[in-house]
Amino acid sequence: MTYQQETIKPYNDGAKAEQVEAMFDNIAPTYDTLNHRLSWNIDKGWRRKAISFLQQYHPQTVLDIATGTGDFAIMAAQMLKPKRLVGADISEGMMAVGRKKAQELGLQDIIHFEKEDCLNLSYADNTFDAVTAAFGIRNFADLDKGLSEMCRVLKKGGHLSIVELTTPVSFPMKQLFKVYSHTVLPIYGRLISKDKSAYHYLTKTIEAFPQGERMMDILKQAGFQDTVFRRLTCGICTLYTAKKNG
């Protein structure tokens with residue numbers, strides 16, 4: 001493991017994957033509202049930048065890892081217009097919200113939500129033209145294995161696009177973000193979601209997650225090349241893009 005993902009858990013007892021699944025099932029009904037409010041809707045622009053990178057390659061089959069309530073999958077379907085888009089997640093509660101949204105938008109024949117262990121995907125090697133992830137890989141119990149699986153199911157020459165929350169590195173945003181993530185985020189998250197542990201856990205994962213040049217090295221070790229990162233909104237979020245060898 002690159003960092004101690006397995007030791008950062010939402011609750012006290014049980015395996016990491018089971019706890020993450022339970023946590024997201026618990027907060028699924030309020031997740032979209034909290035996501036947009038806590039980021040002042042900036043998260044929509046971050047997703048758009050990640051999808052815009054893929055537009056030049058015209059992927060026809062796309063896998064969205066840790067798809068959650070499907071915001072990224074829906075936007076990707078609308079912008080990329082692929083023949084098939086799979087949203088994979090361990091939380092049925094989150095995907096139930098996503099399925100409803102996709103159906104309301106008439107995208108149910110394009111977007112398919114499937115329960116998957118992101119560390120042991122059921123898909124064959126070289127299946128997808130593009131693999132994406134938005135704000136989900138921090139929750140992997142084993143980041144190296146999860147990224148290796150994403151690379152395995154990606155076609156040779158296919159592209160990866162990830163947006164992930166990160167900690168700003170420059171003054172004063174670094175200090176402001178620390179105060180915000182340790183006070184406003186968990187308090188507001190607890191009031192809306194009624195899960196007092198979830199947003200404390202999310203703050204811990206952001207702080208522990210490898211970023212920037214370190215993340216570039218991890219992506220290369222997983223089998224990717226042409227790795228690039230771009231900090232967004234003063235470093236609160238980072239866009240990572242790469243290509244599969246071959």
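Salt bridge annotation for E18-K9: absent, with no cationic side-chain nitrogen under 4.0 angstrom from a carboxylate oxygen.
In terms of hydrophobic clustering, with Ile, Leu, Val, Met, Phe, Trp and Tyr side chains grouped at heavy-atom distances under 4.5 Å, V131 and V228 are assigned to different clusters. Connection of F53 to L165 is established within a shared hydrophobic cluster, with ILVMFWY side chains joined at heavy-atom distances below 4.5 Å, either directly or through further cluster members. In terms of hydrophobic clustering, with Ile, Leu, Val, Met, Phe, Trp and Tyr side chains grouped at heavy-atom distances under 4.5 Å, M215 and V169 are assigned to different clusters. Residues Y31 and L191 do not share a hydrophobic cluster, defined by chaining ILVMFWY side chains whose heavy atoms lie under 4.5 Å apart. In this structure, V97 is not a member of the same hydrophobic cluster as I90, with clusters built from ILVMFWY side-chain heavy atoms closer than 4.5 Å.
A side-chain donor-acceptor contact under 3.5 Å links Q211 to the backbone of T167. Side-chain atoms of R152 come within 3.5 Å of backbone N or O of L121 as a donor-acceptor pair. Between the side chain of T166 and the main chain of G235, a donor-acceptor pair closer than 3.5 Å is present.
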(request) Show your reasoning for whether side-chain contact (heavy atoms from CB on, under 4.5 Å) applies to K49 and R230. (result) CA-CA 10 Å; K49 284 183 171 63; R230 176 185 171 193; 3.6 Å; yes
(request) Take E116 and Y123 through the test side-chain contact (heavy atoms from CB on, under 4.5 Å) and record every step on the way to the result. (result) CA-CA 10 Å; E116 288 281 337; Y123 311 112; 3.4 Å; yes
(request) Report the C-alpha distance between K100 and E104 in whole Å, list the side-chain angles of each, state the deciding distance to 0.1 Å, and finish with yes or no for side-chain contact (heavy atoms from CB on, under 4.5 Å). (result) CA-CA 6 Å; K100 183 178 179 181; E104 289 173 350; 3.4 Å; yes
(message) Go through it in stages, so that I can follow the logic: the residues are Y11 and D195, the test is side-chain hydrogen bond (donor to acceptor under 3.5 Å, both in side chains), and I'd like the CA-CA distance, side-chain angles, deciding distance and then a yes or no.
(response) CA-CA 10 Å; Y11 311 116; D195 189 323; 2.6 Å; yes
(message) Run the side-chain contact (heavy atoms from CB on, under 4.5 Å) test on H36 and D43 for me, step by step, so that the C-alpha distance in whole Å, both residues' side-chain angles and the decisive distance to 0.1 Å come before the verdict.
(response) CA-CA 7 Å; H36 301 322; D43 61 304; 3.0 Å; yes
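Note that the CZ atom of F171 and the NZ atom of K174 stand 11.5 Å from one another [nearest 0.5 Å]. Separation of atoms CD1 (I110) and NZ (K83) is listed at 10.5 Å; rounding is to 0.5 Å. Rounded to the nearest 0.5 angstrom, I162 CD1 and I65 CD1 are separated by 9.5 Å. With rounding to the nearest 0.5 Å, the separation of SG in C237 from CZ in R231 is 11.5 Å. In this structure, CD1 in I218 is found 12.5 Å from CZ in F224, a value given to the nearest 0.5 Å. To the nearest 0.5 Å, the span separating CG on L160 from CG on L147 amounts to 7.5 Å.
E149 has its side chain out of reach of C118: every pair of non-hydrogen atoms, C-beta onward, lies at least 4.5 Å apart. You'll find the side chain of Y201 reaches within 4.5 Å of the side chain of M23, heavy atoms only. In this structure the side chain of T61 never reaches within 4.5 angstrom of the side chain of T127, judged on heavy atoms. Considering only heavy atoms from C-beta on, T227 stays 4.5 Å or farther from Y240 through its side chain. The side-chain heavy atoms of L219 and F229, taken from C-beta on, include no pair separated by under 4.5 Å.
For the pair H112 and Q108, the tightest heavy-atom approach, listed with the atom from each and the gap, is CE1-O, 4.3 Å. For the pair A141 and K16, the tightest heavy-atom approach, listed with the atom from each and the gap, is CB-CG, 3.9 Å. The shortest heavy-atom contact between D89 and M95 is O-CE, 3.6 Å. F113 approaches A102 most closely through the heavy-atom pair CE1-CB, 4.1 Å. Of all non-hydrogen atoms in A77 and L85, the two that sit nearest each other are N-CD1, 3.8 Å. Shortest non-hydrogen contact noted between I8 and K204 is CG2-CB, 3.9 Å.
With sequence neighbours left out, E207 forms a side chain to side chain donor-acceptor pair (under 3.5 Å) with H182. With sequence neighbours left out, K243 forms a side-chain contact (heavy atoms from CB on, under 4.5 Å) with H159, Q225, D226. K115 meets the salt bridge (Lys or Arg N to Asp or Glu O under 4.0 Å) test with E21; sequence neighbours excluded.
Classification of the F177-Y180 ring pair by plane angle, with boundaries at 30° and 60°, yields tilted.
Exactly one of L232, T238, T233 qualifies for a side-chain contact (heavy atoms from CB on, under 4.5 Å) with I236. That residue is T233. Considering K155, R84, K244 as possible partners of D129, the one that fulfils the salt bridge (Lys or Arg N to Asp or Glu O under 4.0 Å) test is K155. With F135 as the fixed residue, the side-chain contact (heavy atoms from CB on, under 4.5 Å) test singles out one of T205, L202, I206, V163: V163. The side-chain contact (heavy atoms from CB on, under 4.5 Å) with S193 is formed by just one residue from the set N26, T33, T30; it is T30.
Enclosure of atom NZ in K101 by more than 12 non-hydrogen atoms of other residues, nucleotides or ligands within 6.0 angstrom is indicated.
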